[in-house]
There are 2 protein chains.
Amino acid sequence: IINAEKSEFNEDQAACGKLCIRRCEFGPEEDPEWLTLCPEEFLTGHYWALFDGHGGPAAAILAANTLHSCLRRQLEAIGEGMVATQPPMHLSGRCVCPSDPQFVEEKGIRTEDLVIGALESAFQECDEVIGRELEAAGQVGGCTALVAVSLKGKLYVANAGDSRAILVRRDEVRPLSSEFTPESERQRIQQLAFVYPELLADEFTRLEFPRRLKGDDLGQKVLFRDHYMSGWSYKCVEKSDLKYPLIHGQGRQARLLGTLAVSRGLGDHQLRVLDTNIQLKPFLLSVPQVTVLDLDQLELQEEDVVVMATDGLWDVLSNEQVARLVRSFLPGNREDPHRFSELAQMLIHSTQGKDGNPTEEGQVSYDDVSVFVIPLYNQSQGSSGH
Amino acid sequence: IINAEKSEFNEDQAACGKLCIRRCEFGPEEDPEWLTLCPEEFLTGHYWALFDGHGGPAAAILAANTLHSCLRRQLEAIGEGMVATQPPMHLSGRCVCPSDPQFVEEKGIRTEDLVIGALESAFQECDEVIGRELEAAGQVGGCTALVAVSLKGKLYVANAGDSRAILVRRDEVRPLSSEFTPESERQRIQQLAFVYPELLADEFTRLEFPRRLKGDDLGQKVLFRDHYMSGWSYKCVEKSDLKYPLIHGQGRQARLLGTLAVSRGLGDHQLRVLDTNIQLKPFLLSVPQVTVLDLDQLELQEEDVVVMATDGLWDVLSNEQVARLVRSFLPGNREDPHRFSELAQMLIHSTQGKDGNPTEEGQVSYDDVSVFVIPLYNQSQGSSGH
């Protein structure tokens, strides 16, 4: 992690470690909430997480200290379901209807869907914790969250925000996440403003135009898009169209309600549009999108890695440029036991235009930058222990 | 089109023809609604449409008679914008702000986005017409809509429902549409029920379970999914979870509110759940998803075709099976000027298990079946006339 010039305190935070999941025992049928955890370990995974804070580092620090515990709890609550070849319809294992396994099979529900569900629930639980803690401490702020979990031969990548994870192999570069920004989630955000117009308090227009409209445009037919449109059409400009747009600006400059550059993440419960009472939170989702990589099917090579980084890296380097740096660095440093962390450092330095190693476009990042380089070679065997 | 045993009247309807778009002239600036159409043609395209009705043929017949006019009107309203290399910010062509072309460029708005927008608007307009006409005539029903439009070297495929279009070439089979069913749109539908619980009138549960729950499941922890989840989790069954599910059944049997097998389409304004006052329409979208095929970039061969068909065909034949039938039929019939319509007939017959030509799995379709086979070879040149 490097703290750049944009903020005084480092708003990027990270966490990683072993994820130790204990065996869960369920109580008698009369008390389905009864549950004990055996002290011994049951499943071991690995966990990496990046949090890119805004409005101060508080939410990112809380997330780095909390999300892995939320996830462990959620995974422990699934219990034996996670090691079964097929998730049981009833967590107790009791079969109410003899064809229950067939119903589960027909729905195509796999063990990995339980891990995806656990990640989705853990992000939401962590968001609630952050909301309570920040309010109690009189603090504010929010953060994006990008999490990778290696468990039983699969790598799960859960993303809420504009960080990114990619898989880099000798002959393949594959994105493992997509970014959630006001632009990429335009239709969801416009739709919400359509359903609940009071969220805009008559200060914003839900419609998208190529630029902010002004008095001269009144009565003209101009290009626009509403929530149900992926194409563009023309509409006659009315006075209400001159309001500030719900989503405004292009690319890195795009903002939700003139305020936020991301549309998913944790925190921001108190965030309001400057000098108004308009809340951002209803437009933000804490639920991540989860992608699954089946490591056992990949025929992994020693230099296959996942690169996770906050937007500070991806603002100046493309996926292909990062892949080139990975491929040029690793083979020459095979004897170095620290080569993966050194590669992460090198990637960060290459965003700073230092060490005679400027980026190919000569761009420099003034944002905080965080990078994990995760070697995959031993993940599939190493983490499958029972 | 073949009428099978499922319904007395043919619920599949089709339309095709030349799409003649006239030049549009705009009035003085004081009256932006003023608009005249010059009598001479301005642009020519081709139009194919399939409508699969339910609850009677009325909506499908209306759609077959109406949608092309809605689309022509929408396209004519764009006027010169459609032949410009870049759509103008103002339809009048007047430049209010000198950098308007740059704003349009930065948003990446292309001429094809105007056609997509016109298709989206035309579907909605047609839906409103059908609603008014059916109400006035005391009739009911709805239909899916799959439309292909060839215009200026591009093929636009707009789909609302469970019909399908695929591109078949010598060495490629490419889906040009995806199906909209209660299963494929689960999250959108559950989300709406979450926002407006009154739409379910306490008769249905929004949650998804592997099967309908019963008294024995009460108090057990069972697999479930809510609107924000793509994974699965467990919840303790309460009494309200025993209600009939908003989306129930698997695959072809999946139904929205126990009633409809599709989640997008036209009509159904009056449709209610049997013996209740619960309306289906709020859960249905009339807006299509549009995909664009750039014919000029395809290096088309003489036997490259698009196959459009209602679900009656795809229920018994896979994309690959249809492609095999196309490739085995066309080369041997090169001299036959009617070979494309004969191929369409052959595809329909092969769903009926007749002519010693049963489907490979021996399946037979009892649904109405409609097929268009569209040869692409001359489309790119033929339709680009100004």
Side-chain angles (χ1 to χ4, degrees), chain A residues 26 29-30 32-33 74 77-78 81 87-92 94 96-97 99-100 103-107 109-110 112-121 124 192 195-196 208-211 213-214 216-217 219-223 225 228-234 236-237 250-251 285 287 289-290, chain B residues 26 29-30 32-33 74 77-78 81 87-92 94 96-97 99-100 103-107 109-110 112-121 124 192 195-196 208-211 213-214 216-217 219-223 225 228-234 236-237 250-251 285 287 289-290:
Chain A
F26 299 99
E29 249 179 58
E30 308 82 64
E33 298 295 336
Q74 293 288 344
I78 305 171
M89 166 94 182
H90 296 85
L91 195 49
S92 64
R94 186 186 152 214
V96 170
C97 168
S99 46
D100 277 350
F103 285 111
V104 173
E105 168 103 35
E106 278 176 9
K107 282 265 179 198
I109 309 172
R110 305 146 303 171
E112 68 187 67
D113 293 311
L114 297 183
V115 182
I116 295 171
L119 279 158
E120 290 170 335
S121 302
Q124 290 193 291
L192 196 70
V195 172
Y196 298 114
E208 182 185 15
F209 302 98
R211 62 163 163 77
L213 301 182
K214 42 192 184 179
D216 285 357
D217 296 304
Q220 296 266 316
K221 282 192 172 156
V222 305
L223 284 167
R225 273 206 292 200
Y228 57 86
M229 300 165 73
S230 67
W232 287 79
S233 190
Y234 288 94
C236 197
V237 179
Q250 289 301 123
L285 279 187
V287 62
Q289 190 184 55
V290 184
Chain B
F26 299 98
E29 250 179 58
E30 308 82 65
E33 298 296 337
Q74 293 288 344
I78 305 170
M89 165 95 184
H90 297 85
L91 194 50
S92 64
R94 185 185 154 216
V96 169
C97 168
S99 46
D100 277 348
F103 284 111
V104 174
E105 169 103 37
E106 279 175 9
K107 283 266 180 196
I109 309 171
R110 305 145 303 171
E112 67 186 68
D113 293 312
L114 296 183
V115 182
I116 295 171
L119 278 159
E120 291 170 335
S121 303
Q124 291 194 289
L192 196 70
V195 172
Y196 298 113
E208 182 185 15
F209 303 98
R211 60 163 164 76
L213 300 182
K214 41 191 184 178
D216 286 356
D217 297 304
Q220 296 266 317
K221 282 193 172 156
V222 306
L223 284 166
R225 275 205 291 201
Y228 56 86
M229 299 164 74
S230 67
W232 287 80
S233 192
Y234 287 95
C236 196
V237 179
Q250 290 300 123
L285 279 187
V287 62
Q289 190 185 54
V290 185

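Chain letters run A, B, ... following the sequence lines, proteins first and then strands; every chain starts at 1.
Using a 4.5 Å heavy-atom threshold, the side chains of A:Ser230 and B:Ile116 count as touching. In this structure, the side chains of A:Ser99 and B:Arg211 stay at 4.5 Å or more apart for every pair of heavy atoms.
Of all heavy-atom pairs spanning A:Lys107 and B:Pro210, the tightest one is CE-O, 3.8 Å.
Heavy atoms closer than 4.5 Å to chain A are found nowhere in B:Glu112, neither backbone nor side chain. For A:Phe209, the part sitting under 4.5 Å from any heavy atom of chain B is the backbone (N, CA, C, O) and nothing else. In this structure, chain B has a heavy atom under 4.5 Å from the side chain of A:Gln124, while its backbone stays farther away. Within the 4.5 angstrom heavy-atom criterion, atoms from both the backbone and the side chain of A:Tyr228 approach chain B. Contacts between B:Glu208 and chain A at a heavy-atom distance below 4.5 Å involve the side chain alone, from C-beta outward.
Evaluated for a side-chain contact (heavy atoms from CB on, under 4.5 Å) with A:Val96, the options B:Val222, B:Leu213, B:Asp216 yield exactly one hit, B:Asp216.
The residue among B:Arg225, B:Glu105, B:Met89 with the most heavy atom pairs within less than 4.5 Å of chain A is B:Met89. Considering only heavy-atom pairs separated by less than 4.5 Å from chain A, the leading option among B:Pro88, B:Gly251, B:Ala118, B:Ser121 is B:Pro88. When A:Leu119, A:Val287, A:Val195 are compared by the number of non-hydrogen pairs under 4.5 Å with chain B, A:Val195 comes out ahead.
With rounding to the nearest 0.5 Å, the separation of NE2 in A:His90 from CG in B:Asp217 is 4.0 Å. Note: A:Arg110 CZ to B:Trp232 CH2 = 11.5 Å, rounded to the nearest 0.5 Å. Put simply, OG on B:Ser233 and CD on A:Glu120 are 9.0 Å apart, with the number rounded to the nearest 0.5 Å.
B:Gln250 places a side-chain N or O within donor-acceptor distance of the main-chain N or O of A:Glu106, the cut-off being under 3.5 Å.
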